[in-house]
Amino acid sequence: MAYTKNEQGQSTTFVTQPEAVPVPWGLAALGVLPVVIFLFISIPAAFVFAAIFAALVWARMKVGPAARKHRLPSTFSVSSDGVSIEGRSIRQKDIHRAIIRNHVLSGDNPSDVITLHHGLGAMHAAASGAAKAKFKGQLADISYRVDVEAGGVPYTLAGGLNESTAFAILSDVSGILGLQHA
């Protein structure tokens with residue numbers, strides 16, 4: 001989503017809306033393998049299991065911690081004197097840098113754990129891993145955020161952005177604050 005900015009006197013107000021999280025269809029489709037297994041046991045149980053599995057996968061990936069992290073609408077103001085966000089003012093002289101981060105690509109995602117499987121579980125794990133990697137790539141594309149750092153503390157200005165939007169906001173904010181790009 002492109003952001004909007006509105007210049008009001010000496011200050012510029014930015015309004016951002018995070019990108020929509022993609023639906024992890026590949027992971028939800030992995031419910032098919034357990035369904036096939038359960039079909040040999042009980043047809044009603046297979047459908048119940050598939051519905052529960054698909055709902056759990058969707059909930060975890062669509063609204064889970066990685067999908068929600070840094071993904072809120074944001075309104076903040078920037079002037080040559082500093083940044084104002086959520087009632088907090090950060091003085092320009094206290095800001096060390098403005099930076100773009102991506103929490104999905106940074107490796108701080110605890111779900112990136114390697115597990116070993118054998119037999120039928122290994123085939124399901126391989127398919128699950130491939131589907132998860134695809135979803136992670138889709139999520140990473142829209143998980144950029146723009147932070148300013150002051151006193152060694154990062155303050156997120158906007159998150160849930162695509163790379164182009166994040167760079168545009170970084171450029172605008174840095175220009176207003178008079179920060180040099182490294």
Side-chain angles (χ1 to χ4, degrees), residues 1-27 56-115 129 131-182:
M1 176 239 134
Y3 64 99
T4 60
K5 64 181 181 177
N6 184 15
E7 295 181 23
Q8 303 164 342
Q10 303 286 22
S11 180
T12 301
T13 300
F14 294 80
V15 178
T16 68
Q17 186 72 26
E19 297 281 347
V21 176
V23 177
W25 292 114
L27 286 171
L56 289 174
V57 167
W58 178 85
R60 171 79 171 114
M61 299 309 257
K62 184 81 170 162
V63 296
R68 280 195 326 259
K69 192 173 185 181
H70 306 294
R71 193 172 296 285
L72 295 171
S74 179
T75 301
F76 60 96
S77 297
V78 181
S79 71
S80 58
D81 296 328
V83 175
S84 177
I85 184 165
E86 297 177 359
R88 175 181 309 233
S89 293
I90 307 163
R91 299 182 307 179
Q92 189 275 345
K93 68 180 187 175
D94 295 333
I95 296 173
H96 305 292
R97 68 178 175 168
I99 187 169
I100 293 175
R101 291 192 167 98
N102 187 316
H103 68 275
V104 175
L105 296 177
S106 69
D108 65 351
N109 192 346
S111 65
D112 290 340
V113 177
I114 297 172
T115 56
K132 182 178 177 184
K134 179 180 178 186
F135 179 69
K136 182 177 178 181
Q138 292 172 333
L139 190 59
D141 289 344
I142 56 167
S143 292
Y144 290 90
R145 72 180 194 263
V146 178
D147 292 350
V148 292
E149 293 178 352
V153 177
Y155 298 93
T156 299
L157 302 181
L161 307 171
N162 63 42
E163 186 177 22
S164 299
T165 301
F167 273 106
I169 292 172
L170 176 72
S171 179
D172 286 347
V173 168
S174 295
I176 294 168
L177 291 172
L179 300 175
Q180 301 297 317
H181 290 282

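If you read the sequence from its start, that first residue is 1, and numbering goes on from there. Treat the numbers as computed from the prediction; the structure is a model and nothing was measured.
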Inset, instruction - Could you tell me which residues satisfy side chain to side chain donor-acceptor pair (under 3.5 Å) with Thr13, sequence neighbours excluded, listed by chain and number? - result: Gln8, Ser77
Inset, instruction - Evaluate the side-chain contact (heavy atoms from CB on, under 4.5 Å) criterion for residues Phe76 and Ile90: first the C-alpha distance (whole Å), next the side-chain angles of each, then the deciding distance (0.1 Å), finally the verdict. - result: CA-CA 11 Å; Phe76 60 96; Ile90 307 163; over 6 Å; no
Inset, instruction - Could you pull out the closest heavy-atom pair between Ala20 and Ile142, with the gap in Å? - result: O-CD1, 3.1 Å
Inset, instruction - Could you list the residues that satisfy salt bridge (charged side-chain N to carboxylate O under 4.0 Å, His left out) with Glu163, not counting sequence neighbours? - result: none
Legend entry - By side chain to side chain donor-acceptor pair (under 3.5 Å) - contacts of Gln10 (at least two apart): none
Inset, instruction - Scan residues 79-90 for pairs that pass side chain to side chain donor-acceptor pair (under 3.5 Å), counting only residues two or more places apart or in two chains. - result: none
Legend entry - Spatial distance of atom CG (Leu170) from atom CZ (Arg145) [nearest 0.5 Å]: 13.0 Å
Inset, instruction - Using modelled atom types only, decide if a donor and an acceptor are shared between the side chain of Ser74 and the backbone of Leu157 within a distance under 3.5 Å. - result: yes
Legend entry - Nearest non-hydrogen partners of Ile85 and Thr156, listed with the distance: CD1-O, 3.3 Å
Legend entry - Any Tyr144 side-chain heavy atom under 4.5 Å of Thr165 side chain: no
Legend entry - Flag side-chain contact, heavy atom, 4.5 Å: Gln92 against Leu179: yes
Legend entry - Heavy-atom side-chain proximity of Val83 to Tyr155 below 4.5 angstrom: no
Legend entry - With Arg91 via side chain to side chain donor-acceptor pair (under 3.5 Å) - residues at least two apart: Asp94
Legend entry - Nearest non-hydrogen partners of Asp147 and Arg101, listed with the distance: OD2-NH1, 2.8 Å
Inset, instruction - Search all heavy atoms of Ala166 against all heavy atoms of Leu161 and return the closest pair with its distance. - result: CA-CD1, 3.9 Å
Legend entry - Set of residues satisfying side chain to side chain donor-acceptor pair (under 3.5 Å) with respect to Thr12, sequence neighbours excluded: none
Inset, instruction - Let me see the working for Val146 and Phe14 under side-chain contact (heavy atoms from CB on, under 4.5 Å), right down to the final yes or no. - result: CA-CA 12 Å; Val146 178; Phe14 294 80; over 6 Å; no
Inset, instruction - For Val148 and Ala98, work out which heavy atoms get closest and say how close. - result: CG1-CB, 4.1 Å
